[in-house]
Amino acid sequence: MAMVTAKLSSPATTWLPGGRSPAGARRSAPPRRATLIRAAVGSYADELVSTAKSVASPGRGILAIDESNATCGKRLASIGLDNTEVNRQAYRQLLLTTAGLGEYISGAILFEETLYQSTTDGKKFVDCLKDQNIMPGIKVDKGLVPLPGSNNESWCQGLDGLASRCAEYYKQGARFAKWRTVVSIPCGPSALAVKEAAWGLARYAAIAQDNGLVPIVEPEILLDGDHGIERTLEVAEKVWSEVFFYLAQNNVLFEGILLKPSMVTPGAEHKQKATPEAIAKHTLTMLRRRVPPAVPGIMFLSGGQSEVEATLNLNAMNQEPNPWHVSFSYARALQNSVLKTWQGRPENVEAAQKALLVRAKANSLAQLGRYTGEGESDEAKKGMFQKGYTY
């Protein structure tokens, strides 16, 4: 890793937690100039910052369509379609060729298969996105596996070979990446699971930045459980504290990352639901305590909430200014109505694309704090929580 001599005020430098410089100097009496560890982003620093700002632009958020082939198959099965590459391509073509989508969507997270696919007319999907000023992104983790020595918890694999994969994804047109790991409150969570999640995210983020990709950092606090909202807040604060500790230790450039947290809500089986105002209050409390203002964007996951719930909660968080762009990175909460409208029929493509625009516009308004929820269908209000959800 390169060592550079920089002024202490330089935003490209990172002081390690505990108030000490990497050289051991105390903050109370720093030298006029010191040799500091610089974020390992090479020549990509300016591009990373630019990409992150583009994704975190006013009134826009992320469309997550990075489901694995197996999970995409489950979505297709719900409307009676076989899980074939042709059907997966048809569905993703419907999404990525929706005219006007770029007004509300700034980035799209793709699965590896989709990153290399084209439309039936031969146009690369990445070019379809770029034509609408939508940044192509890529899921880079290799999924969850059991974590030995834990309380029946998981860890996320995929660091082996990640650098070469990121380099190839960059060549193909991807400009940001996503790595999802999970923390389960009913399982403790154990200190081991939290540390593993935080360290894995930090190593991934450093590797992604070193290869030109803005890393989305996603430690999802699962909705599973009957705990109250205060317990979720406690766990979320612990998890994000660990995440930023290890991000700093790995010299990750905070201005060149995006976060994808879950909202602070009660467990899905808790006896009392929380209002959007309560969820916004607890979630913003957690973020203000744990997330530096240098981070450009907070792109929330929906985590099994209904389409309307996810939008109402996001809207409540944007009723006053925040230090970061507070927006969305939704999968099911943007796609559910689309799938049910499409039904796999070519004659329904236009109607399904209109359904996507309705949901995208609703969340765009929520990012701006202007969503009212008026005129929403009963279908959009149905919850999508699945206990023990994997994808």
Side-chain angles (χ1 to χ4, degrees), residues 64 67 71 74 78 143-156 180-198 201 218-243 259-291 298 300-317 328-333 336 373 376 378-391:
E67 302 90 351
T71 300
K74 294 177 184 177
S78 72
L144 301 170
V145 293
L147 176 62
S150 70
N151 186 24
N152 196 30
E153 294 163 289
S154 301
W155 69 283
C156 188
R180 171 188 181 258
T181 193
V182 302
V183 173
S184 169
I185 293 179
C187 289
S190 69
L192 173 63
V194 173
K195 182 174 182 178
E196 177 60 44
L201 284 165
E218 182 184 357
E220 179 177 355
I221 313 294
L222 296 173
L223 279 176
D224 304 63
D226 59 3
H227 51 276
I229 196 168
E230 294 293 340
R231 175 58 177 155
T232 307
L233 175 61
E234 178 185 7
V235 172
E237 286 187 4
K238 172 63 175 174
V239 169
W240 281 104
S241 176
E242 293 267 321
V243 167
L259 306 187
K260 187 170 179 176
S262 38
M263 298 177 191
V264 177
T265 69
E269 298 166 85
H270 188 64
K271 57 188 175 183
Q272 186 175 351
K273 291 191 68 173
T275 64
E277 291 73 24
I279 290 170
K281 176 184 175 181
H282 285 79
T283 304
L284 291 174
T285 294
M286 182 275 290
L287 293 175
R288 287 167 182 158
R289 288 173 176 172
R290 292 293 180 263
V291 179
I298 314 289
F300 282 101
L301 59 90
S302 55
Q305 300 176 72
S306 74
E307 291 176 325
V308 171
E309 280 178 331
T311 310
L312 283 170
N313 293 338
L314 178 62
N315 185 73
M317 281 185 268
F328 60 93
S329 177
Y330 294 163
R332 287 174 286 174
N336 190 51
E376 291 283 15
D378 290 338
E379 184 64 40
K381 297 175 182 177
K382 291 182 180 179
M384 292 176 279
F385 169 72
Q386 297 176 31
K387 192 171 183 177
Y389 179 73
T390 59
Y391 81 114

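Just so it is clear, the values below take in all heavy atoms, side chains as well, and ignore hydrogens, waters and symmetry mates. Throughout, numbering of the chain's residues begins at 1 and tracks the sequence. Fair warning: this is a prediction, and the values are worked out from it, not measured in the lab.
- A salt bridge (Lys or Arg N to Asp or Glu O under 4.0 Å) check over residues 226-236, counting only residues at least two apart or in different chains, returns the pairs Arg231-Glu234.
- Separation of atoms OG (Ser306) and CG (Leu312) is listed at 7.5 Å; rounding is to 0.5 Å.
- Leu147 contributes atom CG, which lies 10.0 Å from atom CG of Asn152 (distance to the nearest 0.5 angstrom).
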Inset, instruction - Go through the steps to decide whether Phe300 and Lys260 satisfy the test side chain to side chain contact (heavy atoms under 4.5 Å, CB included), and finish with yes or no. - result: CA-CA 5 Å; Phe300 282 101; Lys260 187 170 179 176; over 6 Å; no

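- One distance of note links CG of Asn336 with OG of Ser78; it measures 8.0 Å at 0.5 Å rounding.
- Using modelled atom types, one side-chain atom of His282 and one backbone atom of Ala278 make a donor-acceptor pair closer than 3.5 Å.
- Minimum interatomic distance between Pro189 and Val194 (heavy atoms only, all atoms of both residues): CG-CG2, 3.9 Å.
- When side chains are defined from C-beta on, Arg289 does not count as touching Leu287, because their heavy atoms never get closer than 4.5 Å.
- Shown here for Glu67 and Ala331, the closest heavy-atom pair between the two residues is OE2-CB, 4.0 Å.
- When side chains are defined from C-beta on, Thr181 does not count as touching Glu220, because their heavy atoms never get closer than 4.5 Å.
- The residues Glu242 and Lys238 are annotated as salt-bridged, a charged nitrogen and a carboxylate oxygen being separated by less than 4.0 angstrom.
- Contact annotation: the side chain of Met263 approaches that of Gln305 to within less than 4.5 Å [non-hydrogen atoms, C-beta and beyond].
- Judged by distance alone, the side chain of Arg180 and the main-chain N or O of Glu218 form no donor-acceptor pair under 3.5 Å.
- The neighbour count for Asn151 CG, taken as heavy atoms of other residues, nucleotides or ligands under 6.0 Å away, is above 12.
- A 4.5 Å side-chain heavy-atom check between Val235 and Val239 finds at least one atom pair inside the cut-off.
- Side chain of Ser241 to backbone of Glu237: no donor-acceptor contact under 3.5 angstrom is found.
- Here the side chain of Ser262 pairs a donor or acceptor atom with the backbone of Ile221 at under 3.5 angstrom.
- Side-chain atoms of Ser190 and Glu153, non-hydrogen and from C-beta on, do get closer than 4.5 Å to each other.
- Rounding to the nearest 0.5 Å gives a distance of 13.0 Å between CG of Leu223 and NE2 of His270.
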Inset, instruction - Could you please spell out the steps behind the salt bridge (charged side-chain N to carboxylate O under 4.0 Å, His left out) verdict for Glu309 and Lys273? - result: CA-CA 11 Å; Glu309 280 178 331; Lys273 291 191 68 173; 2.4 Å; yes

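- A pairwise comparison of heavy atoms in Ala236 and Met286 identifies CB-CG, 3.8 Å as the closest pair.
- Nearest approach of Ala274 to Ile279, heavy atoms of both residues: CB-CG1, 3.8 Å.
- The CD1 atom of Ile229 lies 10.0 Å from the CD atom of Gln272; values are rounded to the nearest 0.5 Å.
- Leu201 places a side-chain heavy atom less than 4.5 Å from the side chain of Pro219.
- Of all heavy-atom pairs spanning Leu192 and Ser150, the tightest one is CD2-N, 4.1 Å.
- For the pair Asp224 and Ile185, the minimum side-chain heavy-atom distance is 4.5 Å or more.
- The closest side-chain heavy-atom distance from Tyr330 to Leu314 is below 4.5 Å.
- Across all their heavy atoms, Pro186 and Gly225 have their closest contact at CG-CA, 3.8 Å.
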